[in-house]
Every structure is written in structure tokens, then in C-alpha cells.
Amino acid sequence: MIQHLAPSRPARLARYSSLVISLTLGTVLDAATARATSADPEVQELIRLVKQQSKQIHDLQSRLAKVEKHTTPHTVATQTAQNAVKPPSVARTNTPTPTPTLHSGPVEPVAFGGDTPQLAAQTQTTYPLLAAAPGSYGAVSNMPSGSAPVMGVASQIPTSNRSTTIGGLVLKWGKGLPQITTPDNAYSFRMRGRILADYGSGFGSRYPEHNISRTVMRAARIGVEGNAHQLSWVLEGDYSNNQLSVMSAFVTWSDKMAGHLVEYSLGNKFNERGFDGSTGSDQTVFLDRDGVANTLLPVKGWYGMGGAFKIFGKDWHVATQITGNDVNTINQTNNIRDDITYMLRTHYIPWRSETSLLHLGAWGFYEDVKPATSFSQNIRLLARTDDAFALQFGPTMPIANSLAGGLELFGIWKSAWFLAEGGVRHIKLRDTAPLPSTNMAYAGASGTEKAVSVQTGIFLTGETPNYFAHTGQWATPRILHPMTADGWGGWELAARLDWIDASSLPTGGRAWTATVGVNWYLLSFARIMLNYTHADVTNRTGKYIGSNSGNIIGVRSAVTF
């Protein structure tokens with residue numbers, strides 16, 4: 001049954017107003033017509049337009065009256081509430097200005113460039129921003145530097161919301177350089193790189209060669225990356241140490257499998273091995289990676305030429321890799337095969353909330369090492385400006401193979417974080433050497449390296465710890481008050497303990513280190529780092545035999561673009 005209701009007060013006022021307007025317009029028209037004795041075309045056109053507008057108003061008023069007669073009480077109440085206008089003073093008093101937050105791509109479902117039409121341009125984010133929930137894509141400024149350019153998801157640096165369209169291409173600004181993309185993001189191209197300049201001053205060692213002040217270019221890297229739909233690629237070279245080295249040089253095909261994102265990569269790629277060991281040099285909390293990453297390292301090193309497969313879930317990922325030596329390795333004798341390494345890493349987030357997160361991880365590798373004349377290992381204990389201060393063992397018989405594995409525990413509570421990881425590497429030495437060796441006493445011997453690292457830190461300025469949940473590693477933090485927005489930047493305090501024991505290996509030793517650090521982020525991708533490290537070491541071989549201790553103060557200026 002249709003109920004007939006009396007028009008609301010705003011509707012009656014609108015009707016009376018239109019009636020007054022119509023009478024006034026009519027009077028004006030009559031007066032104008034009387035005065036238009038000269039038949040001026042402009043006056044006649046004005047009269048025609050006013051009459052037309054008056055008729056339209058009258059027609060609209062009639063239609064409104066018919067609608068009001070057939071409107072239910074619920075509809076009238078809803079329309080009245082929606083049409084109600086608060087006085088300006090009330091609106092300003094009771095309606096707080098919302099604090100803008102950084103929104104970024106979801107974990108699932110995965111959308112590749114070109115899958116959906118281009119969305120409306122993002123609005124520019126205004127500082128200050130709120131801290132994002134741990135593990136969310138809003139908590140970090142960009143994907144880790146070792147990732148493929150297209151993962152179906154991408155975080156945003158706040159300033160990267162600025163974009164320019166030129167000739168049908170979109171220039172998105174962020175991390176200091178523009179990224180050129182098509183409007184649907186199906187094709188993209190950008191430059192990438194990092195500049196890490198270090199200074200260190202060592203003191204306290206009983207060997208004068210360790211007490212030095214030195215500068216070093218930790219990384220001077222430049223490269224390019226891009227994607228065409230699901231196919232992405234990276235090519236990057238490093239110019240530090242007065243020579244050019246090829247770093248990342250790989251292609252990745254991204255796809256979906258059973259609702260999960262998967263990646264297939266071929267080329268020279270950074271390994272996944274532990275929490276700190278899976279992180280690029282530009283994103284570690286301290287000047288160097290922890291003792292687990294620097295000790296339990298395959299012979300081939302940090303990079304490897306081969307293939308990798310990764311699969312990602314909402315709270316987990318699994319990465320596998322089969323590689324030979326990295327692309328910079330040169331065999332001194334022709335037809336000497338690569339060191340073949342099989343690697344696996346996985347992580348799982350069993351619990352997370354708006355303020356906290358817990359990460360569990362495991363990793364391992366097996367390597368089959370090519371024949372060599374001998375084997376030795378130097379494990380750096382201080383900063384890279386003092387490489388001579390190290391845990392050393394060897395030369396000894398060459399390695400036949402080794403098997404390593406480790407566990408990770410990582411947690412976040414508000415602006416604080418905690419990381420503990422440890423692992424072992426069992427090494428089997430060869431029975432014979434390709435050339436006569438003075439180390440035959442160690443033929444067929446075996447032993448185990450052990451390493452444990454515990455570290456913690458807190459952002460004093462309220463940022464979320466720089467954890468990238470998609471791959472379970474460090475990333476670039478999202479700074480809430482960057483210097484470029486008249487802020488004070490981001491300030492982080494951190495401390496770390498490392499323990500290493502290789503005494504079961506022939507000529508092996510043991511060591512421990514303690515490090516405290518301060519990181520000042522001017523903005524998300526630029527920071528100044530200050531570290532103090534104390535180390536104790538006992539060597540059974542090498543140039544610096546016996547027990548020794550030393551200290552170093554290291555400083556780094558770092559920019560990643």
C-alpha cells in the first residue's frame with residue numbers, strides 16, 4: 001500500500017523558492033520585452049534563454065511533486081538525512097580531518113600488469129603518515145633489491161605517488177629516479193642502483209696492521225630493470241674495488257599456480273640463505289651481515305648462475321635454487337666444472353596482528369665442489385674497512401662437499417624487533433688433490449662450522465620495523481617524517497651478538513663479536529649508519545695466530561635508488 005506523505009520542510013522551501021523565482025523572472029521578462037523596442041538580437045536571445053530556463057524549472061518542480069506523492073516513509077527519511085546540510089561551524093567542529101595512510105597492493109589475489117584497466121590516478125599522500133601494521137605492504141617502501149620487478153604486488157614510497165604522463169607513457173617518481181610505464185602497467189622500465197661509502201677506524205688489536213683508518217666503496221652499483229607483462233628482467237653491475245663485476249643478471253617469469261604466485265628465474269641471482277644472508281647489502285641493519293650469513297657460506301659465494309623457483313602464499317613462501325658459480329668466476333684451467341649448489345629456504349608467519357608479528361624460517365644447502373688445490377676461509381669480524389681482522393683457517397685439503405642448514409626466529413612488537421638465527425655446516429675434505437699438496441695429513445678429514453646470531457632494535461621515531469613479509473627478509477623502511485617533508489627522519493637503535501666455532505675443522509678456530517649501531521634515515525632510501533664493534537678471535541693458522549681482540553668504529557652513507 002502506498003502512503004501519501006506531506007512534503008518535507010526542505011521540499012516545501014524549495015517549491016516556494018522556485019515559485020518566487022518564476023514570478024520574478026516573469027516580471028523581468030515583461031519589463032525587458034517592453035523596453036526591447038529596437039529588436040536588439042542579443043536582448044531577444046537573452047529573453048529566449050530565460051524563458052527556456054523558467055520552463056525547465058517548472059517541469060522539474062512538477063516531476064518532484066509526483067515523486068514525493070509516491071515515496072515510502074523509509075525513503076523520505078533517508079533522503080532527508082542525506083540532504084541535510086550541517087552549518088559550516090558545526091562541520092568544522094565535529095568532523096576531524098582524517099590522517100592519510102599509505103595503501104598498497106594486496107598479497108592475494110595476484111594481478112599482473114595489463115590484467116585490469118588502468119585505475120584512477122593515485123592522490124598524493126600527505127605527511128605525516130601513520131605506522132603500518134607489521135608485515136603489511138604499507139610497512140615498507142619498496143620490495144627488496146634482489147626481487148623481480150613484477151611480483152603482482154608492490155609497495156609504494158609516499159613520494160612515488162607523483163606521476164607525469166608524456167606521449168601516452170607514465171613517469172612514476174620514487175626512490176630518486178622515474179619509472180617509465182604504460183598506463184596499464186603491462187610494460188615498465190627503470191634504472192636502479194646503490195651507493196654505499198664506508199669509513200672505519202680500528203683500534204685495540206695487538207697487531208698494528210689491524211689498527212688502521214680506511215675508506216672503502218662498499219658498493220657503487222648501477223643497473224636497469226623492466227617487465228613486459230609477466231616477464232621481468234634485471235641487469236646490474238658493481239664498480240667498487242676498482243673493477244666491474246656483474247651482480248644481478250636474470251629474467252623471471254611470474255605466474256599463478258593453485259591461486260598462488262610463482263616465479264621461475266634463470267640467470268645470475270642472489271641466493272636465499274638465512275634471514276640476514278638473504279638480504280641485500282643496502283638493506284641490512286648493520287654495516288655487514290651477521291656471523292651466520294658470513295660463516296655458513298657455500299664456496300661459490302653469494303651469487304650463482306642457474307635457475308630458481310619460488311612460490312608465495314599469504315603467510316609463507318618456499319624458494320629453491322640450483323646454481324653453479326657466479327658469472328664473474330674464472331676457471332684457471334680449461335674445462336673445469338662449476339661448484340654445483342642446491343639451496344632451499346622457507347618461512348612461515350604463524351601469527352600477526354596490527355602491532356605484532358612472528359616469523360619462523362628454515363634453510364639449507366648442499367654443494368658438490370669442483371677439484372681444487374686447497375681450501376681456506378676468512379670470516380670477517382669487523383667492518384669491511386678492516387678485512388685483516390678475521391677468523392682464519394686453512395689452507396688445507398680441498399673440499400669435496402658440504403651440507404649446511406639453519407633456523408630463523410623473528411618477531412615485531414610495535415616499533416621494536418628481535419632476530420635470532422643459527423646454523424651448522426658440515427664439511428668433507430677430499431682424499432686426494434689434483435696437485436701434490438703439503439696438506440695430505442688432512443686428507444679425508446671432516447668437521448663442522450657453527451654460528452649463532454642474536455640481534456634486536458627499535459625505531460625511536462615510531463616506524464614499523466623494515467620487514468618484508470612476502471619473502472621474510474629485511475627491506476627498506478617507510479619513514480614517517482622524512483627530511484624532504486620538513487621532518488626529522490627516522491632513528492633506529494640496534495645491537496647484535498655473534499658467536500662462531502670452527503674448531504672441529506683442521507686448523508679451525510673460534511670467535512665472537514658484539515655490535516651496537518645507530519641508523520639515521522633521512523628518507524626511506526637514504527641513511528647514515530654508525531656502528532661500534534668489539535671482536536675476540538682465536539686463530540690456529542694464518543698470519544695472526546693466537547688470541548686477539550680488537551675494535552672498530554664504522555660509518556656509512558647509503559643511497560639506494
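Along the sequence shown, residues carry numbers from 1.
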Assess the side chains of [X] and [Y]: does a donor N or O sit below 3.5 Å from an acceptor N or O?
{"X": "S278", "Y": "R273", "result": "no"}
{"X": "T507", "Y": "T541", "result": "no"}
{"X": "S188", "Y": "T181", "result": "no"}
{"X": "E463", "Y": "T461", "result": "yes"}
{"X": "Q473", "Y": "T471", "result": "yes"}
{"X": "S549", "Y": "D536", "result": "no"}

Indicate the atoms forming the closest heavy-atom contact of [X] with [Y], along with that distance.
{"X": "W363", "Y": "V292", "value": "CZ2-CG1, 4.2 Å"}
{"X": "I545", "Y": "R206", "value": "O-NH2, 3.1 Å"}
{"X": "T182", "Y": "L169", "value": "CG2-CD2, 4.2 Å"}
{"X": "L296", "Y": "F365", "value": "O-CE2, 3.6 Å"}
{"X": "A469", "Y": "G135", "value": "CB-O, 3.3 Å"}
{"X": "S201", "Y": "S213", "value": "OG-OG, 3.2 Å"}

Does a salt bridge link [X] with [Y], judged by any charged N lying under 4.0 Å from a carboxylate O?
{"X": "R190", "Y": "E225", "answer": "yes"}
{"X": "D198", "Y": "R218", "answer": "no"}
{"X": "D288", "Y": "R380", "answer": "yes"}

For a 4.5 angstrom cut-off between non-hydrogen side-chain atoms, does [X] reach [Y]?
{"X": "W512", "Y": "H534", "value": "yes"}
{"X": "H426", "Y": "T448", "value": "yes"}
{"X": "F393", "Y": "S376", "value": "no"}
{"X": "V424", "Y": "K450", "value": "yes"}
{"X": "Q377", "Y": "Q392", "value": "no"}

Under the criterion side chain to side chain contact (heavy atoms under 4.5 Å, CB included), I'd like the reasoning laid out for Y366 against N401: C-alpha separation, chi angles, the key distance, then a yes or no. CA-CA 7 Å; Y366 173 80; N401 56 70; 3.6 Å; yes

Just do the side-chain hydrogen bond (donor to acceptor under 3.5 Å, both in side chains) check on T533 and N531 with the steps written out, would you? CA-CA 6 Å; T533 299; N531 282 188; 5.4 Å; no

Starting from the C-alpha separation in whole Å, work towards a yes-or-no answer on salt bridge (charged side-chain N to carboxylate O under 4.0 Å, His left out) for E272 and K310. CA-CA 11 Å; E272 280 206 39; K310 297 182 182 182; 3.0 Å; yes

Looking at D276, T284, D282, which one forms a side-chain hydrogen bond (donor to acceptor under 3.5 Å, both in side chains) with W474? D276

How far does [atom1] of [X] sit from [atom2] of [Y], to the nearest 0.5 angstrom?
{"X": "I500", "Y": "E449", "atom1": "CD1", "atom2": "CD", "answer": "9.0 Å"}
{"X": "N539", "Y": "N548", "atom1": "CG", "atom2": "CG", "answer": "8.5 Å"}
{"X": "I336", "Y": "T329", "atom1": "CD1", "atom2": "OG1", "answer": "13.5 Å"}
{"X": "Y199", "Y": "L530", "atom1": "OH", "atom2": "CG", "answer": "11.5 Å"}
{"X": "R221", "Y": "S248", "atom1": "CZ", "atom2": "OG", "answer": "7.0 Å"}
{"X": "N227", "Y": "S232", "atom1": "CG", "atom2": "OG", "answer": "6.5 Å"}

Any chance the rings of [X] and [Y] have centres within less than 6.0 Å?
{"X": "W520", "Y": "W491", "answer": "yes"}
{"X": "F468", "Y": "Y137", "answer": "yes"}
{"X": "H347", "Y": "F275", "answer": "no"}
{"X": "H210", "Y": "F203", "answer": "no"}
{"X": "W316", "Y": "H470", "answer": "no"}

Working note: D339 + K370, criterion salt bridge (charged side-chain N to carboxylate O under 4.0 Å, His left out); need CA distance, chi angles, decisive distance, verdict. CA-CA 5 Å; D339 303 308; K370 66 177 178 286; 3.1 Å; yes

The single option from T560, L235, V234, V224 passing side-chain contact (heavy atoms from CB on, under 4.5 Å) against R192: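 Per the side-chain contact (heavy atoms from CB on, under 4.5 Å) rule, the option paired with R192 is V234, out of T560, L235, V234, V224.
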
Among I552, N551, V518, T515, which residue meets the side-chain contact (heavy atoms from CB on, under 4.5 Å) test with Y532? N551

For a side-chain hydrogen bond (donor to acceptor under 3.5 Å, both in side chains) check, start with the C-alpha distance between T252 and S265, then their side-chain angles and the critical distance, and finish with the verdict. CA-CA 4 Å; T252 295; S265 299; 2.7 Å; yes

Main-chain N/O of L287 paired with R556 side-chain donor or acceptor, under 3.5 Å: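 Checking the backbone N and O of L287 against the side chain of R556, a donor-acceptor pair under 3.5 Å is found.
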
Without swapping roles, check the side chain of N519 against the backbone of V285 for a donor-acceptor pair under 3.5 Å. yes

Taking only residues two or more places apart in sequence, or in another chain, which ones meet [X] in a side chain to side chain contact (heavy atoms under 4.5 Å, CB included)?
{"X": "I222", "result": "M191, Y239, F561"}
{"X": "L407", "result": "A362"}
{"X": "S147", "result": "M143, P144, M151"}

Check the pair L391, N378 against side chain to side chain contact (heavy atoms under 4.5 Å, CB included), reporting the backbone distance first and the verdict last. CA-CA 6 Å; L391 172 60; N378 291 350; over 6 Å; no

Mark yes when over 12 heavy atoms from residues, nucleotides or ligands other than Y342 sit less than 6.0 Å from its OH; otherwise mark no.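 No.
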
Applying side chain to side chain contact (heavy atoms under 4.5 Å, CB included), run through F189 and W233 and close with a yes or a no. CA-CA 10 Å; F189 175 85; W233 49 271; 3.7 Å; yes

I would like to know whether Y467 and F410 meet ring pair (Phe, Tyr, Trp, His ring centres under 6.0 Å); could you show each step before the answer? CA-CA 10 Å; Y467 171 73; F410 175 79; 4.8 Å; yes

Apply salt bridge (charged side-chain N to carboxylate O under 4.0 Å, His left out) to the pair E367 and R425, showing each step before the final yes or no. CA-CA 11 Å; E367 60 176 340; R425 180 190 181 200; 2.6 Å; yes

Relative to W302, does R289 satisfy both conditions: NZ or CZ under 6.0 angstrom from the six-membered ring centre, and within 45 degrees of the ring's axis? yes

Please test S453 against D498 for side-chain hydrogen bond (donor to acceptor under 3.5 Å, both in side chains), starting from the C-alpha separation and ending with a verdict. CA-CA 5 Å; S453 175; D498 294 308; 2.8 Å; yes

